[in-house]
Every structure is written in structure tokens, then in C-alpha cells.
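Structure first, then comments.
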Amino acid sequence: MPRADCIMRHLPYFCRGQVVRGFGRGSKQLGIPTANFPEQVVDNLPADISTGIYYGWASVGSGDVHKMVVSIGWNPYYKNTKKSMETHIMHIFKEDFYGEILNVAIVGYLRPEKNFDSLESLISAIQGDIEEAKKQLDLPEHFKVKEDNFFQVSKSKIMNGH
Ligand SMILES: Cc1cc2nc3c(=O)[nH]c(=O)nc-3n(C[C@H](O)[C@H](O)[C@H](O)COP(=O)(O)O)c2cc1C
Ligand SMILES: Nc1ncnc2c1ncn2[C@@H]1O[C@H](COP(=O)(O)OP(=O)(O)O)[C@@H](O)[C@H]1O
Ligand SMILES: [Mg+2]
């Protein structure tokens, strides 16, 4: 179990980066697309932030801020060799947003990454994470992060074109 102080010390954690292609394993077909960050953003994470599943807020470019869940780690089910950071946003987008800037505020920790004996159990674990995240994010201390200047800055920066 990761130590709680190693997790909480870094939260809320804010970062942004361009959305890149992942392994295309079809998480979209399963109804759980994840916007992947480039290696560089993953490498910039605090060295001692625990891998695992977190929740928070996200926006694409200068768009609205939505609830999200994010997985940081090696996806033991798929035995990845590179650490990844993938965000599922609880919003239905009209189209894909590869190449756009994803702004992310991580506010809380849910659980460590796990291996599963079937794809179905991985999917139901992720669905459970989504439901828990939705509840947690309605708490006042988490809801207020949605209004953080971090997201306002992302709007004005992009609208002014620099
Ligand atoms: C909320 C959430 C929880 C996840 N939990 C796990 C996990 O416990 N173990 C695991 O191997 N992968 C986990 N994943 C990662 C999925 O395996 C990953 O999204 C899948 O490999 C799709 O990758 P792709 O974007 O490259 O297609 C999780 C993803 C999300 C969004
Ligand atoms: N609600 C959403 N959350 C995250 N990504 C989404 C969402 N809706 C559409 N997408 C798009 O789906 C892509 C991720 O799909 P996914 O199947 O995980 O493919 P990849 O392996 O390339 O990451 C994102 O990069 C984004 O462009
Ligand atoms: Mg993905």
C-alpha cells in the first residue's frame, strides 16, 4: 500500500500537455476512452507520487471543466514497460481531441493499480472508480478546485493565442 503522505503531499496536482495516441487497445470501444499524455509530462510527475488511480478535474483546450479519473502507472493488466498517465473525462465529446491541450487537476487518490484475471473485471473496476470519483468530487473541498485559476489561465492563454 502506498504511504498516504507520499500521495497527499502532492495534491492537488496541476499539469497540462498535448494529447497523444496510446496503445489503441480499444478502451474507446469499451466505453472508457483515455486521453494519454506524452512521456515528457509523465516524466515530470513528482518522483515519489504513487502510481495508482486518482480523480479530479479536466478541460480540453479552453473548454469546460469536467470530472475525470486518471490512471498513473504501468497498467499491470497489459504489462506496459513505460509508465503512462491516462485520463478518462466524464463527458461525451462530439469528436476526438488528439493534439489538443489537456488541462488536469488531480485532487484525490482512489486505489493502487491492480492486475485482473479478465477484461470484464478490469472494466467493472474502472466503472466503480468513475462512480466513486463522481461522489467525491461533489464534496465542497474538491468542488472548489474546479474554479481554480489554473483553468481560467488555460482559457485566456489559449484565447489570446500565446
Ligand atoms: C480509472 C482507471 C482505472 C484503471 N485501472 C487499471 C488497473 O487497475 N490495472 C490496469 O492494468 N489498468 C488500469 N487502467 C488502465 C487501462 O488498462 C487502460 O486504460 C487501457 O490499457 C487502455 O489503454 P490505451 O489508452 O492505450 O488504449 C485504468 C484506467 C482508468 C481510466
Ligand atoms: N470522454 C473522453 N475522455 C477521454 N478521451 C476521450 C473522451 N472522448 C473522446 N476521447 C478521445 O479518445 C481518445 C482515447 O481513446 P483510446 O481508445 O484510449 O485511444 P488511445 O489508445 O489512442 O489513447 C482520446 O485521446 C480523445 O481524443
Ligand atoms: Mg488512451
Side-chain angles (χ1 to χ4, degrees), residues 1-4 6-7 10-45 49-139 142 145-146 150-151 154 158:
M1 216 26 207
R3 288 176 44 151
C6 284
I7 298 165
H10 297 294
L11 303 185
Y13 179 77
F14 298 90
C15 71
R16 19 180 160 253
Q18 206 173 24
V19 177
V20 298
R21 290 198 178 266
F23 292 98
R25 283 187 184 121
S27 49
K28 208 181 284 173
Q29 281 90 320
L30 305 171
I32 316 169
T34 59
N36 294 46
F37 271 136
E39 254 177 73
Q40 189 190 332
V41 175
V42 183
D43 292 344
N44 272 337
L45 285 168
I49 200 170
S50 303
T51 56
I53 316 307
Y54 294 80
Y55 58 88
W57 300 100
S59 69
V60 177
S62 55
D64 291 342
V65 181
H66 303 286
K67 292 177 177 177
M68 64 79 167
V69 280
V70 57
S71 162
I72 302 175
W74 288 274
N75 298 356
Y77 182 80
Y78 291 101
K79 302 186 172 55
N80 286 359
T81 51
K82 269 229 76 76
K83 193 169 170 181
S84 71
M85 181 171 177
E86 313 177 10
T87 305
H88 171 70
I89 306 173
M90 278 83 108
H91 177 76
I92 296 173
F93 290 87
K94 288 201 198 81
E95 47 197 31
D96 285 351
F97 45 86
Y98 288 111
E100 294 201 43
I101 298 295
L102 175 66
N103 307 290
V104 160
I106 302 177
V107 304
Y109 175 81
L110 287 172
R111 64 172 174 88
E113 289 192 288
K114 284 188 281 193
N115 202 348
F116 294 93
D117 51 18
S118 70
L119 191 56
E120 290 68 35
S121 30
L122 169 63
I123 295 168
S124 59
I126 299 178
Q127 281 164 348
D129 296 332
I130 292 172
E131 290 316 308
E132 183 59 26
K134 284 185 190 163
K135 270 191 247 163
Q136 293 291 331
L137 287 162
D138 283 333
L139 299 174
H142 294 143
V145 180
K146 186 181 182 187
F150 170 78
F151 290 111
S154 75
I158 290 160

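Counting convention: from 1, in listed order, for ligands and their atoms alike.
For ligand 1, the atoms sitting less than 4.0 Å from at least one non-hydrogen atom of Lys114 are 7 (C), 8 (O), 9 (N), 10 (C), 11 (O), numbered in the order shown with element in parentheses. Against a heavy-atom cut-off of under 4.0 Å, His91 is close to the following atoms of ligand 2: 1 (N). Counting atoms of ligand 1 from 1 in the listed order, those under 4.0 Å from a heavy atom of Thr34 are 19 (O), 25 (O), 31 (C). Heavy-atom proximity to Val19, at under 4.0 Å, picks out these atoms of ligand 2: 25 (O). Of all atoms in ligand 1, listed by their number and element, those nearer than 4.0 Å to a heavy atom of Gly22 are 26 (O). Within the listing of ligand 1, atoms 1 (C) sit less than 4.0 angstrom from a heavy atom of Val69. Residue-ligand proximity, Leu122 to ligand 1, at heavy-atom distances under 4.0 Å covers atoms 6 (C), 7 (C), 9 (N), 10 (C), 12 (N), 13 (C), 17 (O). Residue Asn36 has at least one heavy-atom neighbour below 4.0 Å for each of these atoms of ligand 2: 23 (O). Of all atoms in ligand 2, listed by their number and element, those nearer than 4.0 Å to a heavy atom of Phe23 are 21 (O). For ligand 2, the atoms lying closer than 4.0 Å to a non-hydrogen atom of Thr87 are 4 (C). Taking a cut-off of under 4.0 Å to the non-hydrogen atoms of Arg21, the atoms of ligand 2 that pass are 22 (O).
Of all the heavy atoms of Ile126, the ones lying under 4.0 Å from any atom of ligand 1 belong exclusively to the side chain. Heavy atoms of Asn36 found under 4.0 angstrom from ligand 1 belong exclusively to the side chain. Under 4.0 angstrom from ligand 2, the non-hydrogen atoms of Ile89 come from both its backbone and its side chain. Contact annotation: for Phe93 versus ligand 2, heavy atoms closer than 4.0 Å belong to the side chain alone.
Tyr13 meets the ring-ring contact (aromatic ring centres under 6.0 Å, His included) test with no other residue; sequence neighbours excluded.
Protein N/O/S atoms nearer than 2.8 Å to the Mg ion (ligand 3) total 3.
Salt-bridge formation is not detected for the pair Lys83/Asp43: no Lys NZ or Arg NE/NH1/NH2 atom is positioned less than 4.0 Å from an Asp or Glu carboxylate oxygen.
To the nearest 0.5 angstrom, Ser84 atom OG is 6.0 Å from Asn36 atom CG.
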Compile the donor-acceptor pairs under 3.5 Å between side chains in residues 126-135 and protein atoms, sequence neighbours left out, one pair per line.
| unit_1 | atom_1 | unit_2 | atom_2 | d |
| --- | --- | --- | --- | --- |
| Asp129 | OD1 | Arg111 | NE | 3.0 |
| Asp129 | OD2 | Arg111 | NE | 3.2 |
| Asp129 | OD2 | Arg111 | NH2 | 2.8 |
| Glu131 | OE2 | Lys134 | NZ | 3.4 |
| Glu132 | OE2 | Gln136 | NE2 | 2.8 |

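Of the candidates Ile106, Val60, Val104, Ile72, Thr87 forms a side-chain contact (heavy atoms from CB on, under 4.5 Å) with just one, namely Val104.
Judged by the shortest distance from any of its heavy atoms, Phe116 lies inside the 4.0 Å radius around the atoms of ligand 1. Proximity of Ala125 to ligand 1 is not established, as no heavy-atom distance is less than 4.0 Å.
In this structure a side-chain-to-backbone donor-acceptor pair under 3.5 Å is missing from Glu113 to Ser71. Remark: the backbone N or O of Gly99 is paired with a side-chain donor or acceptor of Gln18 at under 3.5 angstrom.
The shortest N or O to N or O distance between Phe97 and ligand 2 is under 3.5 Å. When only interatomic distances are considered, the shortest N/O to N/O separation between Glu95 and ligand 2 does not fall below 3.5 Å.
Counting only residues at least two apart or on different chains, no salt bridge (Lys or Arg N to Asp or Glu O under 4.0 Å) pair has a member in residues 50-64.
Between Val42 and Phe37, the closest heavy-atom pair is CG2-O, 4.2 Å.
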